[in-house]
Number of protein chains: 2
Amino acid sequence: MTEQRRISFQVVRDEVKRRIETRVWPQGSLLPTETQLAEEFSCARATVNRALRELSDQGFVERKRKSGTRVKKEPRKQAKLEISLARQAVEQQNSDYRYALVERNVVSSPRWLTSQLNVDPDARVLHIVCMHYADNRPFQLEERWVVIETVPEIETADLNHSGPHEWLLNAAPFTEAEIAFSAISADGRLAEFMGTTTGTSMIQLERTTWKDGQPMTFARLTHHPGYCIRSKY
Amino acid sequence: MTEQRRISFQVVRDEVKRRIETRVWPQGSLLPTETQLAEEFSCARATVNRALRELSDQGFVERKRKSGTRVKKEPRKQAKLEISLARQAVEQQNSDYRYALVERNVVSSPRWLTSQLNVDPDARVLHIVCMHYADNRPFQLEERWVVIETVPEIETADLNHSGPHEWLLNAAPFTEAEIAFSAISADGRLAEFMGTTTGTSMIQLERTTWKDGQPMTFARLTHHPGYCIRSKY
DNA sequence: TAGTGGTCTAGACCACTTT
DNA sequence: AAGTGGTCTAGACCACTAC
């Protein structure tokens, strides 16, 4: 009888995880019920519940009422990626951040955007192009389209001194988002913005956000050559 | 007095979230204590605790003992990415999956790997090169180094019919991992493997994994041109 | 040292799913 | 119909930390 009384749900969580990893409970097998585990660990069922809920959140087990708790077949590991503001990313690497607005105009939604965002074909959108620099070297080109109907305040926002990403985060948090990473080859315009040559490989992040089901903005963030997105988990 | 009695912690969570998003509780402000909220919602403190814990996990608030719960300055920016097996990714897009082992040999750790993984300079590692195809078109080139001391069973594993990634997931789950995405330009060898031309942009995922603090494997997964990593959140 | 969140308990009832 | 997880409660004690 070990006497760690203080830290119960973590003890249960870690021990169950250990048994899964050492195949005491093999993939696909059924775990004991919460009540049985509570008895084994001499704790309340709620404690076991919390432990198993965390393991379920982390993708180690799958729980179904009446069926019980099963070890997942493929421990799908989820990586958490932080999508940070250009300013934050630059400052994090101890560089000087500079922002420049390149273009800003109100247009009616181009056809490709209409289908991407699923808005009316004649919806008014604010089109913004801007650059983020780190130590005066190009860091990221941001091209963005904001649906004015969803975020009317954007039309009067001052985007001369900080970017639309920053403004939107503060003024109109999104409720859903979708991201896509891809590798692209710089065309002439992009190469000029990034101070490189045509054909250079760069990583591009496209993000679409919605606010309460209303399409809000589509953004294309192109990073300087050599940029790397990292994460631990 | 609404009478939704059944779904309490979600009600509290969503209402608090709503107040944050509508700036009833502005960024950086202090929320009422758990006890006060429990009173307002006429529920137990544990219920409020669970609601606030979820919001804290999702990055909406920050909690500290004695200080209380504060609305985070810059709301959640975490995307969850699933790192799936090549086979899964291929099958998910309804293509036929094919695997081919290209190379397999035991070497002593090259210098760059030694520093990457922090292993002994003379550690034995298994070096594997293999290809994953979707409908017979190149999908992913996998190049991998596995520290034999950490996973001795790998030396006798049959890697002729399924990839090392798959084998490792089933036989030796990792405990920590680090990933890095970048865009690269194909060199001659890579272009040949991917059936494309030198200089083509491709997305590359480098992943290092550890098992209980011991370095396990370093993998470099290069995806076919046009490949896109997607996620919703 | 006092206030706040963190956790545990024992019991209860509910919701879903399989049989 | 029965078994399993999902959640709520009321009360308790603990751990951290700002004061």
Side-chain angles (χ1 to χ4, degrees), chain A residues 1-17 19-20 25-73 75-76, chain B residues 1-17 19-20 25-73 75-76:
Chain A
M1 179 105 50
T2 57
E3 65 282 53
Q4 62 232 334
R5 289 255 308 82
R6 296 302 127 87
I7 38 163
S8 214
F9 93 86
Q10 291 157 0
V11 169
V12 176
R13 172 183 21 88
D14 294 346
E15 173 59 16
V16 170
K17 191 169 154 185
R19 291 186 193 173
I20 290 172
W25 292 325
Q27 295 183 349
S29 66
L30 206 55
L31 264 59
T33 66
E34 294 193 344
T35 314
Q36 290 168 341
L37 285 172
E39 208 167 320
E40 178 190 339
F41 289 101
S42 1
C43 66
R45 186 169 77 93
T47 305
V48 173
N49 181 277
R50 165 127 191 225
L52 293 185
R53 179 152 36 83
E54 286 208 357
L55 291 177
S56 167
D57 287 345
Q58 294 169 22
F60 288 99
V61 299
E62 205 166 21
R63 322 195 68 196
K64 248 193 287 189
R65 283 159 152 140
K66 167 73 181 179
S67 310
T69 304
R70 275 183 192 286
V71 181
K72 268 211 178 171
K73 282 279 166 71
R76 40 127 69 147
Chain B
M1 177 107 48
T2 57
E3 64 281 53
Q4 63 233 336
R5 290 254 306 84
R6 297 302 127 87
I7 37 160
S8 215
F9 94 84
Q10 291 155 1
V11 169
V12 176
R13 173 186 15 92
D14 293 346
E15 173 60 16
V16 170
K17 191 169 154 186
R19 291 186 193 171
I20 290 172
W25 291 325
Q27 294 182 350
S29 66
L30 207 55
L31 264 58
T33 66
E34 293 193 344
T35 314
Q36 290 167 340
L37 285 172
E39 209 167 320
E40 177 190 339
F41 289 99
S42 4
C43 65
R45 186 168 78 91
T47 305
V48 173
N49 181 276
R50 166 127 190 225
L52 292 184
R53 179 152 36 83
E54 286 208 357
L55 291 176
S56 168
D57 287 344
Q58 294 167 24
F60 287 99
V61 300
E62 205 165 20
R63 322 194 68 196
K64 248 192 288 190
R65 283 158 152 143
K66 169 72 182 178
S67 313
T69 303
R70 275 183 192 285
V71 181
K72 265 209 178 172
K73 282 279 164 71
R76 82 175 175 318

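We use all heavy atoms of the structure for the numbers below, so side chains are in, but hydrogens, waters and symmetry mates are not. Residue numbers start from 1 in every chain, and the chains themselves are labelled A, B, ... in the order their sequence lines are given, proteins ahead of strands. All figures in this text were calculated on a predicted structure; none of them were measured in a lab.
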Could you state the atom-to-atom distance from CG of Leu52(A) to C1' of dG6(D) in whole Å? 12 Å

Expressed as a whole number of angstroms, how long is the span from Glu34(B):CD to dA10(D):P? 15 Å

Which nucleotide wins on minimum distance to the side chain of Thr33(A), given the candidates dT4(D), dG6(C), dA10(D)? dT4(D)

Could you run down the sub-3.5 Å N/O contacts of the protein with nucleotides 16-19 of chain C?
none

If the cut-off is 4.0 Å, is Arg50(A) near the phosphate of dT7(C), judged by side-chain N/O to OP1 or OP2? yes

Would you please name every residue forming a side chain to side chain contact (heavy atoms under 4.5 Å, CB included) with Glu39(B), sequence neighbours left out? none

Rounded to whole Å, how long is the line connecting atom CZ of Arg70(B) with atom P of dG3(C)? 18 Å

Close N or O pairs between protein and nucleotides 11-13 of chain D (under 3.5 Å):
from: dA12(D); atom 1: N6; to: Arg45(B); atom 2: NH2; distance (Å): 3.1

With heavy atoms under 4.0 Å as the rule, sort Thr35(A) into base, sugar-phosphate or nothing. nothing

Excluding sequence neighbours, so at least two apart, what forms side chain to side chain donor-acceptor pair (under 3.5 Å) with Thr47(B)? none

More than 12 heavy atoms of other residues, nucleotides or ligands under 6.0 Å from CD of Glu62(B): is that the case? no

Spacing between Arg53(A) atom CZ and dC8(D) atom P, to the nearest angstrom: 10 Å

Between P of dG3(D) and CG of Leu37(A), the distance in whole Å: 18 Å

Look at Asn49(A) and dG5(D) and indicate whether a side-chain polar atom (N or O) is within less than 4.0 Å of OP1 or OP2. no

Tell me the interatomic distance from Arg13(B), atom CZ, to dC8(D), atom P, rounded to whole angstroms. 10 Å

Within the pair Arg63(A) and dG6(D), is there a side-chain N or O less than 4.0 Å away from OP1 or OP2? yes

Between Thr47(B) and Thr69(A), the residue closer to the 5' end of DNA chain D by nearest nucleotide is Thr69(A)

Atom CD of Glu62(B) to atom P of dT4(C): distance rounded to whole Å? 18 Å

Any residue meeting side chain to side chain contact (heavy atoms under 4.5 Å, CB included) with Arg70(A), in chain and number order, not counting sequence neighbours: Leu30(A)

Calculate, to the nearest 0.5 Å, the distance between atoms CZ and CZ belonging to Arg50(A) and Arg53(B) respectively. 3.5 Å

Salt bridge (charged side-chain N to carboxylate O under 4.0 Å, His left out) filter on Arg19(A), not counting sequence neighbours, yields Glu15(A), Glu40(A)

Which whole-number value in Å describes the distance from Glu39(B) CD to dT9(D) C1'? 16 Å

Taking 4.0 Å as the cut-off, does a side-chain nitrogen or oxygen of Gln10(B) come that near to OP1 or OP2 on dT7(D)? yes

